[in-house]
Number of protein chains: 2
Amino acid sequence: MSSIRDLARGLGVSIGTVSRALNGRPDVNAATRARILAAAEAQGYSANPAARSLRKGSTNIVGFLFAPPEANSPLADVFFMDVVQGVQGALCDESLELVVLPCPTDDSPEAYVRRLVSRRFFDALIVMGGRDTLNAELVRSGVPVVGLAGSGGLSALVDFDHQATFADAITRLVNLGHTRVAAAPACPGRPVNAARVQHWLTPSTTEAEGRALGVELLSLDPLPTALIVENDAVAAGIYAALRTSGREPGRDLAVISCRSTARGRNLQPTPASYTYDPALIGAALARTVLGLLSGQPADGSVALAVGGVFVEGSSAGRPPV
Amino acid sequence: MSSIRDLARGLGVSIGTVSRALNGRPDVNAATRARILAAAEAQGYSANPAARSLRKGSTNIVGFLFAPPEANSPLADVFFMDVVQGVQGALCDESLELVVLPCPTDDSPEAYVRRLVSRRFFDALIVMGGRDTLNAELVRSGVPVVGLAGSGGLSALVDFDHQATFADAITRLVNLGHTRVAAAPACPGRPVNAARVQHWLTPSTTEAEGRALGVELLSLDPLPTALIVENDAVAAGIYAALRTSGREPGRDLAVISCRSTARGRNLQPTPASYTYDPALIGAALARTVLGLLSGQPADGSVALAVGGVFVEGSSAGRPPV
DNA sequence: CTGAAAGCGCTAACAA
DNA sequence: TTGTTAGCGCTTTCAG
């Protein structure tokens, strides 16, 4: 409704001064600034974002692309909107507007995103999943694009802190008294306390691989008393393999899953596992965006790692005496 | 990147002509228009939305407010993002941009929305649920606000077509051979075939009310053979009341619920009920927004009613012989 | 049918 | 420390 002109006229100052005061520029008399801020507040004035964007060439908007989740995505059970709320919480302090962009399902997502980009609708984009080819194209267009975990070709990434989680799992098992610990993590690298692990088995991420892993495990003699796996699906596979051989998971073998998924919901014993707080993921995404926007290099590397939270389960007790 | 100037210069026409051609104005030579459209397409030109907004005073953006759902809301089990997709599908044809606005949880939703409105961030807003006081304030500010069902104080509403659903339920029961049909719908008004209903019981919406309804029902002599209730929660209450008196729902009394909810998920027999397609709800919301934007009166009335879809269940068979 | 030009509200460079 | 002013890219009136 009211423009910067009205505000300036009412106060008997120039619009330039009002603009400087409102934007927190240092070269404004303290008293003048106070008067201006008070008047703006009183009149509920707020700068026209279209005019500002036109002038500055940037929109102050961060987009969060919502592409309907693929069923087999490892992210499918991370609640999208919870992550969004996490981003929002961290972004609104910086007076950046966060908007969720719903990708039309029938139309091609590529066309949609391209249109948005060519219109310079946002200053930065957050994606979860998404196709690598599209990502690469976006990055080439100059928009900072940040994503989570697996996504390729982005400006920067937020990832799960696999190392820390893995190290925590080892520590827990050792503290429980386990001396023969096996691990089949799918993430590359070794945690600091890797020496506590006696057996390194084939990296596995699916339930089928978990069953194969069980066979591999059962060929060991003596049998380990504890096993660390990538996720609940692998745990389910291990459970099946153990039971086929007459053994009971939890009792005969302690199992810790590094990533809680929907598959673990109805598993008995309930897998001791790790979840990643959507709010924390969101906050990390927001901080990464902020970094990129303030000039941090966009080399596609992992900018921030989010720590997991341990979830008690009945699958990881003390070793049999 | 490229502006309307570049485009015009490259073609040897004025920017005014380019603008008119691109906006589909009638007063442009057909050949000129074709040349301009082709060049725009080739260069991937797309008008700067900030400049356009500044000039036109409108943003071409429709906002969809995402407020974390209240647990007891009757809408809680309608999947928000599915509705959004429905809106998107119907809106992108009109070259309106749909964005989901995530209400910060910690900050007051009121402050957030007010800020957005005062910045004229969108031309229209869609809300689901939301507080009546805020809604009224929005409408007063002149932005068209449309919502679903219960929301009060809006510019226009989309509602479930209770009448049609109710009528369909009656028809189904009569066709199954029921002659003593009772109904306890919570929605006002009577369907066209209301005469087929023998008993009108107390309107009920909760499980507790459902149990009370069961008592009321059981006092009838002879007992009706079929009952139409508002939703699955009421059905659950009815089930409990029937069983207390030694009767079995489905066998001794056919039950149809007018609204499928999460409560019915684990109910036995599974309630025959009605769902409302999120995509259809979304499309209706979009059409309502479009209507408002093209000048339809914003009197807060129900602009569109969405029909329910019957979901087979084991709770509504033929009457006992 | 087309061109010229005003001006939407704002920021920033420049002048005072 | 403040005022003045150009101009961001577009739509739209007004002349021609």
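Letters go in sequence order (proteins before strands), and every chain restarts at 1. All values below come from the heavy atoms of this structure, side chains included, with hydrogens, waters and symmetry mates left out.
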>> I need the CZ-C1' distance between A:Arg52 and C:dA12, as an integer number of Å.
In response: 13 Å

> What residues form a ring-ring contact (aromatic ring centres under 6.0 Å, His included) with B:Phe64, not counting sequence neighbours?
Replying inline: B:Phe80

>> If you apply the rule side-chain contact (heavy atoms from CB on, under 4.5 Å), what do you find for B:Asn48 with A:Leu54, and how did you get there?
In response: CA-CA 8 Å; B:Asn48 181 324; A:Leu54 179 56; 4.3 Å; yes

>> Run the salt bridge (Lys or Arg N to Asp or Glu O under 4.0 Å) test against A:Asp6 and tell me which residues pass, sequence neighbours left out.
In response: A:Arg9

> Do B:Ser118 and A:Tyr45 have a side chain donor and acceptor closer than 3.5 Å?
Replying inline: no

> Taking NZ, NE, NH1 and NH2 as the nitrogens, is one of them in B:Glu110 or B:Arg115 under 4.0 Å from a carboxylate oxygen of the other?
Replying inline: no

> What pair of heavy atoms forms the shortest contact from A:Val117 to A:Ser141, and how long is it?
Replying inline: CG1-OG, 3.4 Å

>> C:dT11, OP1 or OP2 - any side-chain N/O from A:Ser19 closer than 4.0 Å?
In response: yes

>> Rounded at 0.5 Å granularity, tell me how far NE2 in A:His162 sits from CG in A:Asp159.
In response: 5.0 Å

>> I need the CZ-C1' distance between A:Arg55 and C:dC10, as an integer number of Å.
In response: 8 Å

> Where each residue is assigned the nucleotide of DNA chain C containing its nearest heavy atom, which of B:Arg20 and B:Ala51 is assigned the position nearer the 5′ end?
Replying inline: B:Arg20

> Between which nucleotides of DNA chain D, read 5' to 3', does contact with chain B run, using atoms under 4.0 Å from its heavy atoms?
Replying inline: D:dG9 to D:dT13

> Could you state the CZ-P distance from A:Arg5 to C:dC10, rounded to the nearest angstrom?
Replying inline: 10 Å

> If you take all heavy atoms of A:Met81 and B:Val100, which pair is closest and at what distance?
Replying inline: CE-CG1, 3.8 Å

Cut-off 3.5 Å, no hydrogens considered: what does the side-chain donor-acceptor table look like for residues 27-38 of chain B, sequence neighbours left out?
from: B:Asn29; atom 1: OD1; to: B:Ala31; atom 2: N; distance (Å): 2.7
from: B:Asn29; atom 1: OD1; to: B:Thr32; atom 2: N; distance (Å): 3.3
from: B:Arg33; atom 1: NH2; to: B:Arg25; atom 2: O; distance (Å): 2.1
from: B:Arg35; atom 1: NH1; to: B:Leu11; atom 2: O; distance (Å): 3.4

> When you measure from every atom of DNA chain D, which of residues 22-42 of chain B have a heavy atom less than 4.0 Å away?
Replying inline: B:Asn23, B:Arg25

> Do you know the tightest heavy-atom contact between A:Gln85 and B:Cys103?
Replying inline: OE1-O, 3.1 Å

>> Applying side-chain contact (heavy atoms from CB on, under 4.5 Å) to B:Ile126 and B:Val289, what does each step give before you reach the verdict?
In response: CA-CA 8 Å; B:Ile126 300 174; B:Val289 164; 3.7 Å; yes

> Where along residues 10-18 of chain A does a heavy atom fall under 4.0 Å from DNA chain C?
Replying inline: A:Ile15, A:Gly16

>> Below the 4.0 Å mark, does C:dG9 have OP1 or OP2 next to a side-chain nitrogen or oxygen of A:Tyr45?
In response: no

